[in-house]
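First the structure, in the form of structure tokens, and then the observations on it.
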Amino acid sequence: MKAYASVHLPKLLVTFLAISLFVLVIWLDGYRNYLVIGYGLLLFGLFIVLVYLVDYLSNTAFYQYIKHGRATYRSNGYLSKQWRKQFDAHEQKEQERLTELDQHHQNHIRFMNIWVHQMKTPVSVLALMAESEEVDSYDLLAETDRLKSGLATALNFVRLEDFTEDFVIESASLLELLKHSIGDQKRNFIRSEVYPKLMSEADITVTTDKKWLGILLFQLISNAIKYSKPDSKVYFEIDPFSRSLTIADEGCGIAAADLPRVFRPFYTGQNGRQTGEATGIGLYLVETISTQLDIDVSLVSKENQGTTVTLTFRR
């Protein structure tokens with residue numbers, strides 16, 4: 001009731017002032033029937049009390065919220081309905097935000113569990129090498145490459161949260177970026193006995209972030225090598241007319257049932273379960289980065305016939 005009175009006190013004062021002025025005008029006009037004036041004031045008073053009482057009772061929930069920060073029960077007044085509508089909408093948004101944060105937290109825990117499990121293998125191999133009298137530098141580089149790749153994936157996964165904080169737009173040659181990405185995977189190509197083949201020297205200028213596009217290409221090339229057969233090739237072709245880059249391998253391909261889900265986080269599919277080395281993060285990074293860079297990604301694949309990924313750069 002105090003909250004209601006504090007809200008409506010100015011209106012009550014104005015109402016009583018208006019009635020007083022009305023009575024004063026009648027009095028100055030010479031009307032002196034005290035009984036009629038008193039009866040009129042009584043009716044006015046009862047009517048005002050009734051109006052404010054109905055308003056208070058119909059909006060009790062609203063005034064309880066103002067005073068206590070909560071409402072013990074619902075009321076059907078206009079203010080209560082509008083407050084409840086806004087409160088419910090806010091509560092729904094907060095619940096959605098909490099659900100999103102919880103999902104985000106679970107994704108991080110899940111990724112770290114997968115990542116730590118996979119990093120144990122190269123660390124164990126390096127430990128065995130250290131105990132051995134002879135260390136093969138080729139094998140040593142292979143394991144350190146696996147460690148660096150895993151660390152880069154973890155770092156990029158975390159950086160996605162603050163993508164706009166680490167984002168620089170500039171014009172760049174797609175052919176140069178592609179050649180640089182292929183060069184970064186040189187040892188991986190050699191070790192897997194897979195060979196890159198650039199179909200032409202065609203080039204286009206793209207407006208993008210070089211670093212993030214490099215990460216995207218790294219993931220696609222890594223996947224192409226990982227799932228390719230020995231003595232096979234990975235084909236790269238830039239089409240200036242459609243402003244697209246195609247990366248095609250001759251690997252094991254992707255099962256039709258897995259295709260709709262390959263871009264989901266942590267989804268490894270049939271191939272990932274067979275190799276035991278997939279985190280299900282690579283293509284998720286590709287899709288997330290491509291969305292931020294405004295690049296269209298399409299993927300076509302058939303089992304035992306390879307996979308083709310096409311990146312289309314919008315003008």
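Annotation: side chain of Asp145 is in contact with side chain of Arg191 (closest heavy-atom distance under 4.5 Å). Between Lys210 and Glu170 the shortest side-chain heavy-atom distance falls below 4.5 Å. Side-chain contact between Ile238 and Ile204 is present, with heavy atoms from C-beta onward closer than 4.5 Å. The shortest distance between side-chain heavy atoms of Leu43 and Phe47 does not fall below 4.5 Å. Counting only heavy atoms from C-beta outward, the side chains of Ser228 and Val234 approach each other to under 4.5 Å. Taking 4.5 Å as the limit, some side-chain heavy atom of Cys252 sits within range of a side-chain heavy atom of Tyr227. Using a 4.5 Å heavy-atom cutoff, the side chains of Phe236 and Ile182 are in contact.
When atom types are taken as modelled, the side chain of Arg261 and the backbone of Ala257 share a donor-acceptor pair closer than 3.5 angstrom. Looking only at distances, a side-chain donor or acceptor of Ser290 sits under 3.5 Å from a matching main-chain atom of Glu287. The main-chain N or O of Ile254 is never found under 3.5 Å from a side-chain atom of Asp258 such that the two would form a donor-acceptor pair. Using modelled atom types, one side-chain atom of Arg243 and one backbone atom of Phe313 make a donor-acceptor pair closer than 3.5 Å.
A salt bridge between Asp249 and Lys233 is absent, with no side-chain N of the basic residue lying under 4.0 Å from a carboxylate O of the acidic one. Residues Glu237 and Lys197 are not paired through a salt bridge, judged by the lack of any N-O separation under 4.0 Å between the basic side chain and the carboxylate.
Contact detail for Glu250 and Ser232: the closest heavy-atom pair is OE1-CB, 3.4 Å. Of all the heavy atoms in Ser301 and Leu299, the pair that sits closest is CB-CD2, 4.2 Å. Of all the heavy atoms in Phe263 and Leu283, the pair that sits closest is CD2-O, 3.3 Å. Annotation for Asp203 and Leu175: closest pair OD1-N, 2.8 Å, computed over non-hydrogen atoms. The minimum heavy-atom distance between Asp209 and Ile169, with the atom names listed, is N-CD1, 4.2 Å. When all heavy atoms of Met199 and Tyr235 are compared, the closest pair comes out as SD-CD2, 3.4 Å.
Pairs passing the ring pair (Phe, Tyr, Trp, His ring centres under 6.0 Å) check and including a residue from residues 169-197, sequence neighbours excluded, do not occur.
Every residue two or more places apart in sequence or in another chain that forms a salt bridge (charged side-chain N to carboxylate O under 4.0 Å, His left out) with Glu94 is listed here: Arg97.
When hydrophobic clusters are built by joining Ile, Leu, Val, Met, Phe, Trp and Tyr residues whose side-chain heavy atoms come closer than 4.5 Å, directly or via intermediates, Leu151 is grouped together with Tyr284. Hydrophobic cluster membership differs between Ile247 and Val300, with clusters built from Ile, Leu, Val, Met, Phe, Trp and Tyr side chains linked at under 4.5 angstrom.
Hydrophobic side-chain contacts under 4.5 Å tie Val168 to no other Ile, Leu, Val, Met, Phe, Trp or Tyr residue.
Test Leu220, Thr310, Leu311, Leu177 against Leu245 for side-chain contact (heavy atoms from CB on, under 4.5 Å) and you get one pass: Leu311.
To the nearest 0.5 Å, the span separating CD on Gln185 from OG on Ser181 amounts to 8.0 Å. The distance from the CG atom of Asn304 to the NZ atom of Lys302 is 12.0 Å, given to the nearest 0.5 Å. Considering CZ of Phe218 and CG of Leu285, their distance stands at 11.0 Å, rounded to 0.5 Å. Atom OG of Ser244 sits about 14.0 Å away from atom CZ of Arg314, to the nearest 0.5 Å. Distance check, rounded to the nearest 0.5 Å: OG1 of Thr144 to CG of Leu126 gives 7.0 Å. Note that the OG atom of Ser173 and the CG atom of Leu178 stand 9.0 Å from one another [nearest 0.5 Å].
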Give the C-alpha distance, both sets of side-chain angles, the deciding distance and a yes or no for side-chain hydrogen bond (donor to acceptor under 3.5 Å, both in side chains) between Ser242 and Asp239. CA-CA 6 Å; Ser242 62; Asp239 185 350; 3.1 Å; yes
